[in-house]
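Hydrogens, waters and symmetry mates are skipped; everything else that's a heavy atom, side chains included, is used. Numbers here simply count residues along the sequence, with the first being 1.
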Amino acid sequence: MRVLLNGVGRIGKAILRIANSTEKFEIVAINEINSNVKNIAYSINYDSTYGQFDDKFKVNGKYLENSISKIKVLNKKDILNIDFEKLNIDIVIDASGSKVDIKKLKELPLKALFLTHPNKDADINVILGVNEQNIDIKKDKIISTSSCNATALLPVLKIIEENFKIKYGNITTIHPLLNHQKVLDSNCIGSSNRGIDCNFEFGRSSVQNIIPSKTTTIDACSYVMNCIGSKKISSNSFRVPTATVGAIDISLVVKQSCSKNALIELFEKNSKKQTDKVLLNSYDSMVSSDFQGENFTTIVDHRFTDVKKNKMIKLNVWYDNEWGYASKVVDIVDLYKKKLNIKDFK
């Protein structure tokens with residue numbers, strides 16, 4: 001299966017590294033607005049967070065090559081201008097974070113296009129461990145792999161909803177800093193994807209502050225499970241000055257009686273029957289950096305699991321917002337590949 005990766009930023013680079021290491025599918029081309037091919041290779045080979053890539057890429061004209069792959073580098077500002085048929089591309093993974101026109105994307109000569117952000121207009125929003133079995137290769141062409149926060153949170157909410165029924169609650173995400181934030185105090189930051197003209201707080205120094213923010217996490221969850229939404233669960237976020245690994249503080253009031261031991265046993269049972277690296281139960285004295293590079297994306301820290309008066313559940317969840325999330329994107333694309341007739345690909 002021939003894949004084009006659109007965007008080699010933090011998530012795109014992690015996807016490329018994981019896919020190249022696991023050989024689940026072949027990335028044959030990347031599209032990146034950075035026109036310096038040597039710099040693209042350098043940024044893939046060396047990373048301040050995850051270290052050096054063992055099988056380093058070298059530049060050969062407009063190609064990146066290592067022992068496994070030969071990847072053509074394109075520099076199109078708009079993926080609609082890429083000749084996918086000439087490149088013989090089957091699937092696109094869009095990790096650019098750019099605003100997209102779903103109708104135009106559906107017209108592209110591709111089997112599928114995966115968006116690495118939530119999109120309510122996509123054919124399906126998918127979170128591994130929640131609804132991946134619902135992917136229909138006959139009708140789902142634009143597939144969202146949701147967000148890192150929702151990928152970590154919703155498997156927990158699904159388990160609790162199915163067993164105890166959520167009445168209401170609140171979640172707070174503690175999220176590492178991102179590239180669009182400022183190192184020193186500066187002017188405000190806008191986001192067309194989130195309908196924000198000018199966010200004052202994100203103009204403040206990301207390395208000197210804990211920055212409060214709104215979060216679209218619950219909205220992203222609602223695109224996957226419509227019984228989970230902002231009318232039932234409130235949310236907010238704090239950006240913190242760490243490179244990677246986020247946490248989610250969860251408080252839920254449920255309708256059916258629950259106990260701490262029963263809750264832990266339920267999570268243990270679910271972790272043993274899962275087929276993918278989604279849910280991990282943790283009991284050790286660990287901090288955020290201990291989960292850096294972890295493929296499991298819903299890591300329940302049971303040191304803080306608690307239940308009050310049989311109805312109020314308290315949980316803490318860890319997740320690597322870059323590597324962990326990227327690993328789930330790779331897993332979902334691989335799952336899609338398995339649903340197709342592999343004989344179609346030569």
Side-chain angles (χ1 to χ4, degrees), residues 1-32 44-45 47 50-51 53-57 63-73 84 87-96 110-117 122 124-137 140-148 151-152 155 274-280 293-298 319-346:
M1 188 171 69
R2 293 170 62 83
V3 176
L4 180 142
L5 175 63
N6 187 44
V8 195
R10 297 304 305 165
I11 298 300
K13 179 163 64 171
I15 290 171
L16 194 151
R17 280 187 168 205
I18 294 167
N20 196 253
S21 299
T22 61
E23 300 182 57
K24 288 187 174 181
F25 50 81
E26 184 181 11
I27 294 177
V28 298
I30 60 174
N31 183 52
E32 170 58 46
I44 296 169
N45 292 335
D47 189 88
Y50 299 104
F53 191 45
D54 292 335
D55 192 3
K56 290 183 175 58
F57 284 95
Y63 287 86
L64 302 180
E65 298 179 356
N66 66 3
S67 66
I68 295 174
S69 302
K70 182 177 182 180
I71 302 174
K72 185 175 179 62
V73 180
F84 294 108
L87 293 168
N88 194 23
I89 299 298
D90 301 304
I91 282 174
V92 167
I93 301 173
D94 183 7
S96 67
L110 301 165
K111 289 189 178 294
L113 186 146
F114 292 82
L115 301 171
T116 62
H117 61 264
I124 187 172
N125 283 251
V126 178
I127 290 178
L128 208 64
V130 179
N131 72 328
E132 68 274 10
Q133 69 280 356
N134 294 337
I135 296 175
D136 186 339
I137 61 173
D140 295 333
K141 182 173 182 177
I142 310 301
I143 301 170
S144 164
T145 56
S146 197
S147 69
C148 59
T151 295
Q274 67 186 349
T275 56
D276 298 289
K277 291 184 176 181
V278 175
L279 174 62
L280 180 66
E294 177 59 71
N295 287 330
F296 284 92
T297 42
T298 304
Y319 60 106
D320 187 322
N321 55 293
E322 291 183 355
W323 191 269
Y325 172 70
S327 75
K328 296 292 101 44
V329 175
V330 170
D331 288 343
I332 291 168
V333 174
D334 184 52
L335 175 64
Y336 182 90
K337 181 192 76 172
K338 291 174 181 176
K339 284 176 174 281
L340 292 169
N341 184 351
I342 303 301
K343 293 179 181 178
D344 288 344
F345 300 102
K346 303 295 184 184

**Request:** To the nearest 0.5 Å, tell me how far Asp94 CG sits from Ile11 CD1.
**Result:** 12.5 Å
**Asked** Is atom NZ of Lys56 surrounded by more than 12 heavy atoms (other residues, nucleotides or ligands) closer than 6.0 Å?
**Response** yes
**Prompt:** Given Val330 and Ile15, is the side-chain contact (heavy atoms from CB on, under 4.5 Å) satisfied, shown in steps?
**Reply:** CA-CA 7 Å; Val330 170; Ile15 290 171; 4.1 Å; yes
**Message:** Restricting to non-hydrogen atoms, name the atom on Gly7 and the atom on Ala95 that form the minimum distance, rounded to 0.1 Å.
**Reply:** O-CB, 3.9 Å
**Asked** Closest approach of Gly293 and Trp323, non-hydrogen atoms and distance?
**Response** O-CD1, 3.4 Å
**Request:** Mind checking side chain to side chain contact (heavy atoms under 4.5 Å, CB included) for Asp334 and listing every partner two or more places apart, or none if nothing turns up?
**Result:** Lys24, Lys337, Lys338
**Request:** Any chance you could measure Ile93, atom CD1, to Ile143, atom CD1, to the nearest 0.5 Å?
**Result:** 11.0 Å
**Asked** Mind checking whether Tyr336 and Phe114 have parallel, tilted or perpendicular rings, split at 30° and 60°?
**Response** perpendicular
**Asked** By side chain to side chain contact (heavy atoms under 4.5 Å, CB included), which residues pair with Glu132, not counting sequence neighbours?
**Response** Val126, Leu128, Asp276, Leu335
**Message:** Ignoring hydrogens, what is the shortest heavy-atom contact between Lys141 and Leu110? Give both atom names and the distance.
**Reply:** CE-O, 3.2 Å
**Request:** Could you check if a side-chain atom of Pro155 sits within less than 4.5 angstrom of a side-chain atom of Val278, using non-hydrogen atoms only?
**Result:** yes
**Message:** Using 0.5 Å steps for rounding, measure from the CD1 atom of Ile124 to the CG atom of Asn134.
**Reply:** 5.5 Å
**Prompt:** Looking at Asn31, Ile91, Val28, Leu113, which hits side-chain contact (heavy atoms from CB on, under 4.5 Å) with Leu4?
**Reply:** Asn31
**Request:** With sequence neighbours left out, write down each residue that passes salt bridge (charged side-chain N to carboxylate O under 4.0 Å, His left out) with Arg10, or none if nothing qualifies.
**Result:** Asp47, Glu322
**Request:** Provide the closest heavy-atom pair for Ala122 versus Ile142 in the form atom of the first, atom of the second, distance.
**Result:** CB-O, 3.5 Å
**Complete:** Taken to the nearest 0.5 Å, the spacing of Lys111 NZ from Leu340 CG works out to 6.0 Å
**Item:** Sequence-distant partners of Tyr325, ring-ring contact (aromatic ring centres under 6.0 Å, His included), two or more places apart
**Value:** none
**Message:** Could you check whether any side-chain N or O of Lys328 sits under 3.5 Å from a backbone N or O of Lys277, counting only pairs where one atom can act as donor and the other as acceptor?
**Reply:** yes
**Item:** From CG (Leu64) to NZ (Lys70), nearest 0.5 Å
**Value:** 11.5 Å
**Complete:** Scanning both residues in full, the closest heavy-atom pair of Thr151 with Thr298 reads O-OG1, 3.5 Å
**Item:** Stepwise side-chain contact (heavy atoms from CB on, under 4.5 Å) test for Gln274 and Phe296
**Value:** CA-CA 11 Å; Gln274 67 186 349; Phe296 284 92; 3.6 Å; yes
**Prompt:** With sequence neighbours left out, what residues match Ser69 under side chain to side chain contact (heavy atoms under 4.5 Å, CB included)?
**Reply:** Asn20, Phe57, Asn66, Ile71
**Asked** Hey, what do you get for CD1 (Ile18) to OG (Ser327), rounding to the nearest 0.5 Å?
**Response** 5.0 Å
**Message:** Phe25: which residues meet the ring-ring contact (aromatic ring centres under 6.0 Å, His included) condition with it, sequence neighbours left out?
**Reply:** none
**Asked** Is there a donor-acceptor pair closer than 3.5 Å between any side-chain N or O of Arg17 and the backbone N or O of Asn45?
**Response** yes
**Prompt:** Of all heavy-atom pairs between Ser144 and Asn125, which one has the smallest distance, and what is that distance?
**Reply:** OG-OD1, 2.9 Å
